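Note that the numbering runs from 1 along the sequence shown for the chain. Everything quoted here is computed from the prediction, not taken from an experiment.
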Amino acid sequence: MPEDTLCKTIHQYNKEPVSDGDMKKLLEIAADYGRVKNYVYDRFGGIGSLKKLYPGYTVQNEMTASGLREQLDMPSVYFYLAVFDALKDIKSQWTRTKSRVLKLIGRNENLTPGDKHYLRFLLKVNNAFTAVLNQEVVEGLPGDIQRQYGELAKNTDRERMHRYLCRQVRKYHVKPHVDAAEGFAASERAYRYADHGIYLSIKEKRKRIFIPLTDNNQYRTQIYIKLHPQQRNIEIKVPVKVAVRTHADYTHQVGLSVGMYTMFTTDQGHEYGTELGSYQVDYAQWIREQLGSYHRNKENNPGRKKYRAKKKRYEERLHSYVNQELNRLLRTEKPQAVYLPKLPGTQSGGVNRKINNSASLWQRGYIRRRLIQKCREQSVMLVEVIGKDISKECSSCGAEGIKRDGFFTCPVCGYRIEEKVNAAKNAKKRGMNGRPPEYGSFGQKPG
């Protein structure tokens, strides 16, 4: 069953420029927040601290005893959020490391199927993974899991597998690090809404600074304050629970094909995001021009701040267009379920540098995330289907056809149709017929 609520990020902004004095106080908190995170990264981001990461109270107790908060004279409402924020980053980094090693194991032709099974077991079971990396005996696992480990270990050269795993982890695992103080999280006790603005706690005891806001909305949850000191602005990010909408008239099954120039084409031939290509070409061309200017003038180039500000404006304009078209798609098509091809990863190499550059800037990850979010908000099922050869297959008879000049022609049954529409029809057919769909946490198979 779909959830009744979901989490959505609300953005709030200052109504007037933040004074230099107040911005300095906020930057001081952000700098200390970054120092605490880097301290946690350095102290608990390595192999030896793996067993302390779950559930995290050991780290909290050690950080309390470290005296760092007193040394920085940092309010507890910011200090402990920085600690747990860093812990979350460390756990995410370990997840990325495991994923990287898992892919290497799958591609290693020198490992037997039994070796791969054993290594995958270690990566899956945290206690076993921790023990191996710390040169300890794998024991004390919950009942059946310990027995399963014993059976796998009988037919495996454990010493060699443990050395291999440790070597790969040392090679690819890195500790996170904060380079710039861009903002900080604040608990409910760190702020108060009033007088058409927000009062934020600072390092001075019993003192708060007041920032007028552009809206009068008030929230009681953990928030994140992002600082833009050059513009004398702040951005408040508030996670809120919103009700999921349901629509009695959303009854259609819609297949989609994805493109760089037209964002989506449906199985009925309707197009959404037809200007996406011009937005992305302009963006990619500007990036190339700026990079060329930078390389020609490396020693005397004061324009990095302007470059980042304009780059952000390009991305915001593009993202605004993407969201507008996604909303239009859902309003117009009224889908009960959407079937989307699972795209392959980006490929390096190629003969055309301009095309490579445009492809690298393609916002497909952002488009996918926003489609997932909007489908959740409207109770629409989103199902990813296997995208392999989806544009080469005839949506009428299933034979392999020919693509030319934007059209697909089947040499077997003579079916002729626009290439993108054919791919969208195949996405819908694969999703509804189960060939085989890949379901994420965002979608369920329509009953």
Who are the side chain to side chain donor-acceptor pair (under 3.5 Å) partners of Glu316, not counting sequence neighbours?
-> none
Least distance between heavy atoms, Phe210 atom then Asp22 atom = O-OD2, 4.3 Å
Correct closest heavy-atom pair for Ile390 and Arg430 would be CA-NH2, 3.6 Å
Under 3.5 Å donor-acceptor, Gln336 side chain and Tyr250 backbone | no
Do Tyr149 and Asn127 have side-chain N/O donor and acceptor atoms under 3.5 Å apart?
-> no
Thr58 and Asn61: side-chain donor and acceptor closer than 3.5 Å?
-> no
Side chain to side chain donor-acceptor pair (under 3.5 Å) involving Asp195 - partner list, sequence neighbours excluded | Tyr199
Any idea which heavy atoms bring Ala423 and Ser257 closest together, and the distance?
-> CB-CB, 3.8 Å
Side-chain donor-acceptor pair present, Tyr118, His162, cut-off under 3.5 Å = yes
Between Leu123 and Leu165, is any pair of side-chain heavy atoms under 4.5 Å apart?
-> yes
Return yes if some donor-acceptor pair links the side-chain N/O of Gln146 with the main-chain N/O of Leu141 below 3.5 Å, else return no.
-> yes
Sorted by chain and number, sequence neighbours left out, side chain to side chain donor-acceptor pair (under 3.5 Å) with Tyr193 holds for Gln12
Residues, nucleotides or ligands: over 12 heavy atoms within 6.0 Å of His247 NE2 = yes
Charged N to carboxylate O under 4.0 angstrom, Asp89 versus Lys37?
-> yes
Do Leu50 and Phe44 come close enough that some side-chain heavy atom pair is under 4.5 Å?
-> no
Indicate yes or no for a side-chain donor-acceptor contact from Arg192 to the backbone of Ile198 under 3.5 Å, with no hydrogens or angles considered.
-> no
Is the backbone N or O of Val258 less than 3.5 Å from a side-chain atom of Lys420, with the two atoms forming a donor-acceptor pair by type?
-> yes
Does a sphere of radius 6.0 Å around CZ in Arg189 hold more than 12 heavy atoms from other residues, nucleotides or ligands, not counting ones at 6.0 Å or beyond?
-> no
Report yes or no: is the cationic atom of Arg220 (NZ for Lys, CZ for Arg) under 6.0 Å from the centre of the six-membered ring of Tyr191, at an angle within 45° of the ring normal?
-> yes
Quick one: does Ser379's side chain have a donor or acceptor within less than 3.5 Å of a partner on Arg245's backbone?
-> yes
Lys/Arg-Asp/Glu bridge criterion (N-O < 4.0 Å) met for Glu16, Arg232 | no
Quick one: which residue pairs count as a side-chain hydrogen bond (donor to acceptor under 3.5 Å, both in side chains) with a foot in residues 152-161, not counting sequence neighbours?
-> Asp115-Arg160
Would you say Arg96 and Ser92 make side-chain contact, with heavy atoms under 4.5 Å?
-> yes
Short N-O contact, Asp73 and Lys203, less than 4.0 angstrom = no
May I ask you to check whether Tyr224 and Glu235 show a side-chain donor-acceptor distance below 3.5 Å?
-> no
Tell me, do Asn134 and Ile47 make a side-chain contact under 4.5 Å, heavy atoms counted?
-> yes
Are the side chain of Lys8 and the backbone N or O of Val240 linked by a donor-acceptor pair below 3.5 Å?
-> no
If you count the non-hydrogen atoms of other residues, nucleotides and ligands that lie under 6.0 Å from NE2 in His177, is the total more than 12?
-> yes
Minimal non-hydrogen separation, Tyr33 against Ala185, with atom names = OH-CB, 3.3 Å
Would you say Ser66's side chain and Leu68's backbone share a donor-acceptor pair under 3.5 angstrom?
-> yes
Would a distance-only check, ignoring hydrogens and angles, find a side-chain to backbone donor-acceptor pair under 3.5 Å from Gln280 to Met260?
-> yes
Salt-bridge criterion met for Lys312 and Glu315 (N-O under 4.0 Å) | no
When you check the gap from the basic side-chain N to the acidic O, do Lys25 and Glu204 get nearer than 4.0 Å?
-> yes
Ring pair (Phe, Tyr, Trp, His ring centres under 6.0 Å) contacts in which one or both residues fall within residues 62-111, not counting sequence neighbours = Tyr78-Phe184, Trp94-Phe129, Trp94-His173
Can you tell me how far CD of Gln168 sits from NZ of Lys103, rounded to the nearest 0.5 angstrom?
-> 14.5 Å
Whether Arg69 side chain and Met74 backbone form a donor-acceptor pair below 3.5 Å | yes
Going by an N to O cut-off under 4.0 Å, is there a salt bridge joining Glu325 and Arg370?
-> no
Does Tyr339 use its side chain to pair, donor to acceptor, with the backbone of Leu256 at less than 3.5 Å?
-> no
In terms of heavy-atom contacts, Val40 and Ile90 come closest through O-CD1, 3.8 Å
Without hydrogens or angle criteria, can the side chains of Arg43 and Tyr39 be said to hold a donor-acceptor pair below 3.5 Å?
-> yes
For Lys91, look at atom NZ and say whether over 12 heavy atoms of other residues, nucleotides or ligands are found less than 6.0 Å away.
-> yes
What is the minimum heavy-atom distance between Ile234 and Asn14, and which atoms define it?
-> N-OD1, 2.9 Å
Contacts of Lys98 that satisfy side chain to side chain donor-acceptor pair (under 3.5 Å) - sequence neighbours left out | Asn126
